[in-house]
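Within every chain, numbering begins at 1; the chains are lettered A, B, ... in the order of the sequence lines, protein sequences first and strands thereafter. Being a predicted model, the structure only gives us computed values, none of them experimental.
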Protein chains: 2
Amino acid sequence: MAEPITIKDIANLCGVSIATVSRVVNNSPKGVGEKTVERIRKVIEEVGYRPNRLAQSMITKVTHTIGLVIPDVRNPFFSELVRGVEDVCNENGYSCFLCNTDGKLDKENEYIDILRDRVVDGLLFTTQNDKEFNPAFLDFHKNRTPLCFIERYVDELPETPGVFFDNEGGAALLTQFVLDKGHRHIAFVSGPLSTMNARMRKSGFMATMQNNGVEVDDRLVVEGNYKLDSGYAAVDQLLAPGKPKFTALIAGNDLMALGAYQALVERGYEVPNDISIAGFDNITYPAVFRPLITTIEIPGYKLGSCGTQMLIAQMKGQPLAVTRQVFAAALRDKGSIIQI
Amino acid sequence: MAEPITIKDIANLCGVSIATVSRVVNNSPKGVGEKTVERIRKVIEEVGYRPNRLAQSMITKVTHTIGLVIPDVRNPFFSELVRGVEDVCNENGYSCFLCNTDGKLDKENEYIDILRDRVVDGLLFTTQNDKEFNPAFLDFHKNRTPLCFIERYVDELPETPGVFFDNEGGAALLTQFVLDKGHRHIAFVSGPLSTMNARMRKSGFMATMQNNGVEVDDRLVVEGNYKLDSGYAAVDQLLAPGKPKFTALIAGNDLMALGAYQALVERGYEVPNDISIAGFDNITYPAVFRPLITTIEIPGYKLGSCGTQMLIAQMKGQPLAVTRQVFAAALRDKGSIIQI
DNA sequence: CCCAAGAGAGAAAACGTTTACTCGACCATT
DNA sequence: AATGGTCGAGTAAACGTTTTCTCTCTTGGG
């Protein structure tokens, strides 16, 4: 029913041209008398006129809109991240399109196309799929649409900004902690080695062991898939006859650590008295829950907010001091590693 | 660098008018010869032309965009809901602006204005704040912008669609379950009674008790704020000298149930042997965690996806069979209520 | 008193589409 | 042979802004 009020309506109401109204709306440098400004302001206020963003964007080519592409909001890490992104967007007058891809390449492609059609000013991109490189990024790059990666290195686009978590450092920190507690026989359950972060975490573990002069027993290093079940299964493998004993187990993420915990308990081991356990991610649950798992915290909110800041800086044409920001890891000791 | 390809480019490339190109892009009824269609299609394909959504929207007044306003994505209920919304949007060619308000009225207002400026086709609105009614909704209503509420009744807008969870029925289900286990002295810790759902849950509890001929002892009904601490504090109140004994405690949500659990354990009670506990929400954590709390599941994804379907139906001008959809509750028995 | 400069404001083009209207060509019907 | 219908395609207006250019009026300095 009620047609929206346009700039033309205001112009008529004030008996001025739309150009003049436009100038006061954008409190443009000058060219409008004080009294006129006052009058127009008042009318705008009274009738509640708000400029149509679409029309503005048509001509300015700027939508104040970004696309946020992630695998799944339901993953707590990503909901933290999303909130960080959205907060920074909002502070800066941007709105954010949320896209869930489940890490599937075709959905990623689809969303990239959609977002380009919608003329987003920038794109924030996360995935857990780092096997395949999406050539659509090259298009974005050619079109000079700002891009910021989250936890993803793209060799083809070396100068594209990104925010990262220091997976290797986190794993090193955790491994050192376990070593310092006196453990020497440490099992490691990695995430899927097809992913960058699983490889980094593993290498952080290996390097730290080596640096401390502790030999890694290959038979105690197994690969999981970041899911609970694979942690459970890993314990079965590690406890098989002929395998060496171990006093601590480091998992590539908390979920696998929990799976491992369950398997150990079911097999009659006491955690941490018989076997200590550590995870990665700091999946945060109300502190009432048991077990508590010593872990490495990944600052999802921070990654999101800083990534967005970098993206916005780019969109504003500000030169970036650093194009790749790496966030340090923090250890969360929850007592699941005992001194021996 | 690379200016985007426009319809004009395609027209020139094919030696036809832009109107003709537009017709084949929208595979418009007729008016273009088969051979021409073929030729234009091929060129479009070759150069990868994609129409500018902004320009399309300018003229059609349709953006294929919706606004999703929620308190906080980090709340697992809302991340479920968001995913449901986004999936249905995507299936139907819509994109979705995510807005976090923390339930604050001024942020809600701000986002409503922003979304209107951006000419969203519809608005999906959730809040936990049901004290204040935002008059901006009336504007939306006047502008005929489709609206769908989630878990919020708005008296001023009786015919506005909404999706709801049957809080009362859920509480009844849970209460009946507890009664059937033989409990007669049941404590109830409600959420903040300023919120609709806390009131509904409480009334579901009261009604079921009454229906079963069990008198509710007022001294065993306390009000919390849906946070962990308030569950803890509630137990302090309930265990104060002079209070009647109880064998079961039903909390307005899982978080408070956990707080209550912690308080009880710290005071030497065994759960559920001394006191049984039930919650609400089914906050889902890996099943390894303890304690497990018998609870009522709220189908967040379902609420989101169905709400979005209703919204889209409205936007397409389809008449809604029902404007208010209520989703049934389901009990998740996790053993924290014992038979007595 | 004249002129230049500057301030205030409007006209119109542009952004990339969709769509109502128009027009010519061709063919079939009377 | 004239009429009319259909098909294919183009012209131009429109959407709601921003912005460049232009114009007029005022003002102040010489």
Distance in angstrom units between B:K61 NZ and D:dA14 C1', rounded: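 The distance from NZ of B:K61 to C1' of D:dA14 comes to 9 Å, rounded to the nearest Å.
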Touch class at under 4.0 angstrom, heavy-atom based, for B:T36 against every strand present: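 B:T36: backbone/sugar contact only, no base atoms under 4.0 Å.
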Gap between atom CD1 of B:I312 and atom CD1 of B:I66 - 0.5 Å precision: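 Rounded to the nearest 0.5 Å, the CD1-CD1 separation comes to 6.5 Å.
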Interatomic spacing from CE in B:M310 to CG in B:L124 - rounded to 0.5 Å: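 The distance works out to 10.0 Å.
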Which atoms of nucleotides 17-25 of chain D (N or O only) lie under 3.5 Å from a protein N or O atom, and what are those distances?
| from | atom 1 | to | atom 2 | distance (Å) |
| --- | --- | --- | --- | --- |
| D:dT17 | OP1 | A:Y49 | OH | 3.1 |
| D:dT17 | OP1 | A:N52 | N | 3.1 |
| D:dT17 | OP2 | A:I7 | N | 2.7 |
| D:dT17 | O5' | A:Y49 | OH | 3.3 |
| D:dT18 | OP1 | A:N26 | OD1 | 3.2 |
| D:dT18 | OP1 | A:N26 | ND2 | 3.1 |
| D:dT18 | OP1 | A:Q56 | NE2 | 3.0 |
| D:dT18 | OP2 | A:S22 | OG | 2.4 |

Closest contact, heavy atoms only, B:V88 versus B:Q309: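 For B:V88 versus B:Q309, the nearest heavy atoms are CG1-CG, 3.9 Å.
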Shortest non-hydrogen separation from A:C96 to A:V85 and the atoms involved: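 In terms of heavy atoms, the two residues are closest at SG-CG1, 4.3 Å.
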Candidate list A:E108, A:R152, A:E151, test side-chain hydrogen bond (donor to acceptor under 3.5 Å, both in side chains), partner A:T127, passing option: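 That would be A:E108.
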Sequence neighbours excluded, which residues qualify as side-chain hydrogen bond (donor to acceptor under 3.5 Å, both in side chains) partners of [X]?
{"X": "A:T36", "value": "none"}
{"X": "A:E86", "value": "B:N100, B:Y111"}
{"X": "A:R50", "value": "B:D117"}
{"X": "A:T323", "value": "none"}

Start and end of chain B contact along DNA chain C [non-hydrogen atoms, under 4.0 Å]: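 Boundary nucleotides touching chain B, in 5' to 3' order, are C:dG16 to C:dA20.
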Degree of bending in the helix from C:dC1-D:dG30 to C:dT30-D:dA1 once both end axes are built from five pairs, to 10°: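 Inter-axis angle at the termini of the helix from C:dC1-D:dG30 to C:dT30-D:dA1: 60°.
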For DNA chain D, the residues among residues 39-47 of chain B that have a non-hydrogen atom under 4.0 Å from it: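 Residues of residues 39-47 of chain B under 4.0 Å from DNA chain D: none.
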Contacting residues from residues 109-120 of chain A, given that a heavy atom lies under 4.0 angstrom of DNA chain D: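 Close to the strand, none.
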Contacts of A:D102 that satisfy salt bridge (Lys or Arg N to Asp or Glu O under 4.0 Å) - sequence neighbours left out: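 Testing A:D102 for salt bridge (Lys or Arg N to Asp or Glu O under 4.0 Å), a comparison that skips the adjacent residues, returns B:R83.
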Contacts of A:R118 that satisfy salt bridge (Lys or Arg N to Asp or Glu O under 4.0 Å) - sequence neighbours left out: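 Listed in chain order: nothing, the list is empty.
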Test item: A:N27 side-chain N/O and A:V24 main-chain N/O as donor-acceptor pair under 3.5 Å: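 Checking the backbone N and O of A:V24 against the side chain of A:N27, no donor-acceptor pair under 3.5 Å is found.
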Check: B:F97 ring centroid to A:F97 ring centroid under 6.0 Å: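 Yes, the ring of B:F97 comes within the 6.0 Å limit of the ring of A:F97, centre to centre.
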Verdict with supporting geometry, A:R74 and A:D72, salt bridge (charged side-chain N to carboxylate O under 4.0 Å, His left out): CA-CA 5 Å; A:R74 288 173 298 188; A:D72 188 359; 3.2 Å; yes
DNA chain D: 5'-proximal contact among B:M58 and B:S17 (nearest heavy atom):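 Result of the comparison: B:S17.
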Pairs flagged by ring pair (Phe, Tyr, Trp, His ring centres under 6.0 Å) wherever residues 35-75 of chain A is involved - sequence neighbours left out: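 Every pair satisfying ring pair (Phe, Tyr, Trp, His ring centres under 6.0 Å) with a residue in residues 35-75 of chain A: A:H64-A:Y94.
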